[in-house]
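The structure appears right after this line, and notes come after that.
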Protein chains: 2
Amino acid sequence: MKKKRNITLKELAKELGFSISTVSRALNDHPDISSETKVSVKKLAKQMHYAPNLFARGFRSQRSHILGVIVPNIAHLFTSTILKGILEEAELRGYRVIISESNNNEAKQIEMLNTMSQFGVDGILMSLTRKTKKIDEVLPILNRIPMVLFDKVSNKVPCTQIVINEEEAAFNAVEHLIELGKQRIAIIKETENSYNSEKRYAGYLRALKHYGLRVREKIILSTEDISLSHGRRLTNILLSMKKRPDAIFAITDNAAIGAIKALHKFKVKIPEEIAVVGFSNSVNSTIIQPALTTVDQPGDRIGRTAVKFLIEEIENPKTDVITKTVEIKTSLIVRDSSLMA
Amino acid sequence: MKKKRNITLKELAKELGFSISTVSRALNDHPDISSETKVSVKKLAKQMHYAPNLFARGFRSQRSHILGVIVPNIAHLFTSTILKGILEEAELRGYRVIISESNNNEAKQIEMLNTMSQFGVDGILMSLTRKTKKIDEVLPILNRIPMVLFDKVSNKVPCTQIVINEEEAAFNAVEHLIELGKQRIAIIKETENSYNSEKRYAGYLRALKHYGLRVREKIILSTEDISLSHGRRLTNILLSMKKRPDAIFAITDNAAIGAIKALHKFKVKIPEEIAVVGFSNSVNSTIIQPALTTVDQPGDRIGRTAVKFLIEEIENPKTDVITKTVEIKTSLIVRDSSLMA
DNA sequence: CTGAAAGCGCTTACAG
DNA sequence: CTGAAAGCGCTTACAG
């Protein structure tokens, strides 16, 4: 009973007394075919539950209509929200999506890239591993398959890149704190030079400069792993200083939540004594007390935009290499952690 | 420069002076081929960066080595954790994974099922939409393609089902509250008869019965949408009662967190006056104050197990219909919301 | 308006 | 041990 074979064009043709060619053309609405023929062919096709073998079609036409997606870790709400956008947009345009994880492992990333290419995907959407050094191994793939990077990108890879307006978002967040009257604004960022961390830091610096505030090296803290526990740890350091900051801008929500937990412990009033701003608008940011002011990153729009640009490239191949960077707008969500009465 | 064609068997054969057949067999380690030939063929293949066209291979062998996955909503941490398990296990076994969403829409679910089948996936992994009534439309697919259900399942679909030990997990959670000395234990569950809600409710009832506690209809509350806000709403109702419950078992973490927020508002001491237990071990459960006691569901194990059973069925097709239910063990994580000194 | 035939890249039963 | 040939299901240039 299992694996009952699907109906093929051949069977339809036999049943109808037409040739395979005619049946194929009728189903594809080829202008040469008479409308009577089309009607009768389509009727029988429906009746017999004919469904074209997409594998054969893809094989024949050298177009799989599959997009390959590679992300560091799928089990992240932000990542899966991007994937949701990718799935929706791809489906709308008649593409299917194969997803795989690099697990933040660069060798695995290259391997997946090769498998995808070998498999015959029409294009690749990728978010890079945390540290992607060996760009040279990515480049040869680019010659064969259109690629678009999103979220974790690198301008060393010459292709379209979809990101959020990291720098501007950080500027706005810090500006918000300044408008609140805060003067000594600490930042918690990443040690390594990730694209995202760098940009957010740049936005922080620009805001201070723009409003004429001094840059105080002592309250610029970095950590390898920008997590809740490290957010807490660094905040403890800030609290032990003779002159405490009056606000903390953490470049991720998790670190900001760690900061809030540390502030709770020392009974520091939020936001009166120290205000806190995060980045991501994760679910957690609404659970923590006080609710966290943060930057909302529209994951689904990132995904949809990436798909749009990729399909554009697939369907209108250019011979020239185009490197454009598309910035998706974010918005600051002000909540109790920075809301002064 | 784009779309440089891949090397084919034909080109390898021409280069080597062998026939295509021989080259194919040499690369696949066919026993008939001399080892010298194999060595030289493989060497050239490597040198020329030959990669088999998986599309052609799949087409020819009628095996795509692709698994189709259909979930209601990918942008859910629990779902994406299951997907992570699926991806890892599938990759380990040489399968690729196509993911799509049903958006909790039954018509879409059928459509995706048909697309997957048409596309030629070797098997399907599915988590059902919230209300799946038209099982008859799912059944014909089962005749053509092996399928395994996970998480949101239905015993009306005759195939392997991977679930967690819902009933037992709920029993353990309630038992834990009883051991704490709680006597009036409220439950917040779903109105509609979802598989998960029913089982958890059954476990709740069994625990009460086992320990000789009365079942009090008034503190058994249901809601259509088992969310944070409804958890809060129902808890307000519980607090307005003349005789309040001394514990709340919410069948999801979100509802439990809503309960905690309502308790905070009315300054009810947790867990002394009212203890709270949730279900899922979501990230939020550690962010809320007090940290929430909850049931940990190992998503990745669910995913891995589902893949194992599916591939087993693909590779050893049975003519008989086998409906087995596999229960993945969960564990109760006790935290401050039910921790009495 | 319709059909016969080639071919996408591979595997495999058949022949030697 | 190796090769010529068929065929998976489809599309499409060529011919009529």
Side-chain angles (χ1 to χ4, degrees), chain A residues 3-42 44-45 48-66 94 115 117-122 144, chain B residues 3-42 44-45 48-66 94 115 117-122 144:
Chain A
K3 271 281 175 192
K4 195 171 63 177
R5 285 166 29 73
N6 287 307
I7 305 290
T8 65
L9 279 188
K10 201 200 232 170
E11 295 167 71
L12 279 183
K14 198 172 163 194
E15 192 77 16
L16 284 157
F18 280 118
S19 72
I20 295 178
S21 331
T22 302
V23 175
S24 168
R25 282 192 272 246
L27 290 171
N28 291 319
D29 268 325
H30 191 97
D32 275 2
I33 304 294
S34 75
S35 45
E36 293 170 69
T37 307
K38 281 183 189 169
V39 170
S40 65
V41 168
K42 285 181 181 174
L44 185 72
M48 292 179 72
H49 292 108
Y50 169 74
N53 179 323
L54 296 179
F55 233 83
R57 178 182 282 176
F59 171 50
R60 164 65 221 233
S61 60
Q62 303 286 12
R63 282 282 308 281
S64 63
H65 278 263
I66 300 184
T115 310
S117 144
Q118 185 184 149
F119 189 74
V121 298
D122 288 347
R144 280 183 285 144
Chain B
K3 271 280 175 190
K4 195 172 61 181
R5 285 165 31 74
N6 286 307
I7 304 291
T8 66
L9 279 188
K10 200 200 232 170
E11 295 167 70
L12 280 183
K14 196 169 164 197
E15 191 79 14
L16 284 157
F18 280 118
S19 71
I20 295 177
S21 334
T22 301
V23 174
S24 168
R25 280 192 275 249
L27 290 172
N28 291 317
D29 266 325
H30 191 97
D32 274 5
I33 305 295
S34 75
S35 45
E36 294 169 68
T37 308
K38 284 183 189 170
V39 169
S40 64
V41 169
K42 287 180 180 174
L44 185 71
M48 291 178 72
H49 292 106
Y50 169 73
N53 178 323
L54 296 179
F55 235 83
R57 179 183 279 177
F59 172 52
R60 164 66 221 232
S61 59
Q62 305 286 11
R63 283 283 306 281
S64 62
H65 279 263
I66 300 184
T115 310
S117 146
Q118 184 184 150
F119 190 76
V121 299
D122 288 347
R144 280 183 284 144

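Quick note on labels: first sequence line is chain A, next is B, and so on, each numbered from 1.
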Correct closest heavy-atom pair for B/Q118 and A/P52 would be CG-O, 3.1 Å
From CD1 of A/I7 across to P of D/dC10 the rounded distance in Å is 10 Å
Original post:
Does A/Y50 make a side-chain N or O approach to OP1 or OP2 of D/dC10 shorter than 4.0 Å?
Top reply: yes
Of the listed D/dG3, C/dT12, D/dC10, the closest approach to the B/T22 side chain comes from D/dG3
Which of C/dT11, D/dT11, D/dT2 is nearest the side chain of B/I20? It is C/dT11
Heavy-atom nearest pair, A/S24 first then A/L9, reads CB-CD1, 3.7 Å
Closest non-hydrogen contact found for B/I7 with B/M48 is CG1-O, 3.2 Å
Between CE of B/M48 and P of C/dG9 the distance, given in whole Å, is 14 Å
What one should report as the nearest heavy-atom pair of B/L27 and B/A45 is CD2-CB, 3.9 Å
A/R60 atom CZ is separated from C/dA5 atom C1', nearest whole Å, by 11 Å
B/S64 meets the side chain to side chain contact (heavy atoms under 4.5 Å, CB included) criterion, sequence neighbours left out, with A/F55, B/I66, B/D122
Any stem touching DNA chain C, meaning at least three consecutive Watson-Crick or G-U pairs under 3.5 Å, ordered by first number, would be C:1-3 with D:14-16, C:5-12 with D:5-12, C:14-16 with D:1-3
For A/R60, the side chain to side chain contact (heavy atoms under 4.5 Å, CB included) test, sequence neighbours excluded, returns none
note: B/R57, atom CZ; D/dG9, atom P; distance rounded to Å ~ 19 Å
Between A/A13 and A/V23 the two heavy atoms that sit nearest each other are CA-CG2, 3.7 Å
Separation of D/dC10 atom P from A/R63 atom CZ, nearest Å, is 18 Å
Salt bridge (Lys or Arg N to Asp or Glu O under 4.0 Å) pairs touching residues 18-37 of chain B, sequence neighbours excluded, are B/D29-B/K38, B/D29-B/K42
Taken to the nearest whole Å, CG/A/L9 to C1'/C/dA4 is 15 Å
Side chain to side chain contact (heavy atoms under 4.5 Å, CB included) filter on A/K10, not counting sequence neighbours, yields A/T8, A/I20
The correct set of residues in residues 23-41 of chain A placing a heavy atom under 4.0 Å from DNA chain D is A/S24, A/R25, A/N28
A/N53 atom CG is separated from D/dC10 atom P, nearest whole Å, by 6 Å
Of C/dA5, D/dC10, C/dT12, the nucleotide closest to the side chain of A/S21 is C/dA5
note: A/H65, atom NE2; D/dC10, atom P; distance rounded to Å ~ 16 Å
